[in-house]
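We count ligands from 1, going down the list as the structure has it; atoms in each ligand are counted the same way. We count residues from 1, following the sequence as given.
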Amino acid sequence: MTGLVVRDTGTPAELVELRLPEIGPGQVRVKVRAAGVCHSDLSMVNGTLRPPHPLILGHEAAGEVVEVGQNVTRAAVGDHVVLNWQPACRNCWFCEHGEPWLCSTSHGVAALSNGITLDGDPVHVTLGVGAFAEQVVVPENAVIPVPAELGFDLAALLGCAVLTGTGAVRNTARVQPGESVVVIGLGGVGLSVVTAARAAGAGQVIAVDVTEAKKGLAEAAGATDFVVSSDALSKDIRARTNRLGADHAIECVGRASTIRAAWRATRSGGQVTVVGMGAADDMVQLSALDIFSSARTLRASVYGQADTDLEIPALARDVLDGKLDLDHLITDRIGLADVPAAFERMTRGEGARSVALL
Ligand SMILES: [Zn+2]
Ligand SMILES: [Zn+2]
């Protein structure tokens, strides 16, 4: 099969021929039908994250089950499924204490190898998925069946951007009706945060990005205000929030500078939620006095702090019932070979989600 592979940090991604393994007990083979281009994929190409190489990119995807191994009970051949890059084991301390998004058997940003080979050598797969390929082989707990009426392109988004953004609002920040929310970084996740914040009843959703070009997308997602980021951001936010700062800031970039901006954009006692996945050496500086006297809360939201097995099917139903509109999130439907160009658009801050259709 063909897949999009990065051979080393700093080298361009290229389409190559890969050899798939036979599947084992408890495994599922999925024909990928749609795979979104997520910022974390770009981070694995541009050196922000340091995964092992060679690496098949892609982790936000949906497809059709084409083969199941022995003892597989979750899915059958022909099922439409969303791929889950943080599957829960249901046995570890975190799973047993209601925090499956922190499952200790999942590997966070690390890549795994799953038997796929390139020129005879093992190749790693991004977040255990490696979805920019014609097929993936995953453990059965990494597939979540969804109704076949849901388009593969929209289903793919549920596997990362939409779950992450919606969960940050509902499960981590727990935005309440009437509250004000600043959203920094308007990619697929940030725009999902905007939509979820409005759906949660936020009175004001102030969308922030580095470029004016995101204004239309922000408004389509439900933003009440749009601000181009600058050194005066916290002043701009205060001017729009009775000089207090916002109740919430949700950071969807994953950089120390934007986490600091989110901190300064919230009121005393406000909540800062970090959704972006940043680099290991990018240090956030906050003064000890500021932490105490501002009484703000700083939390991370990993994969929407969600139980994926429950929340991805629920989001699928919301889309089919017309309660959750995702159409504006997809700005580019592309082929696998066009993913590197989508990384370039993302680097320039253009568009929302690009989705590769296979
Ligand atoms: Zn992602
Ligand atoms: Zn677990």
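- Looking at E60 and R353, a side-chain N of the basic residue comes within less than 4.0 Å of a carboxylate O on the acidic one, giving a salt bridge.
- Salt-bridge formation is not detected for the pair R333/D338: no Lys NZ or Arg NE/NH1/NH2 atom is positioned less than 4.0 Å from an Asp or Glu carboxylate oxygen.
- The SG atom of C92, the Zn ion (ligand 2) and the SG atom of C103 define an angle of 110° (nearest 10 degrees).
- Our summary of the site lists the angle at the Zn ion (ligand 2) between SG of C95 and SG of C89 as 120°, to the nearest 10 degrees.
- Angle SG(C160) to the Zn ion (ligand 1) to NE2(H59), rounded to 10°: 120°.
- W101 and N171 form no side-chain donor-acceptor contact under 3.5 Å, judged by distance and modelled atom types alone.
- For residue C38, an N/O/S atom approaches the Zn ion (ligand 1) to within less than 2.8 Å.
- Between T266 and R296, the side chains place a donor N or O and an acceptor N or O closer than 3.5 Å (distance only, hydrogens not considered).
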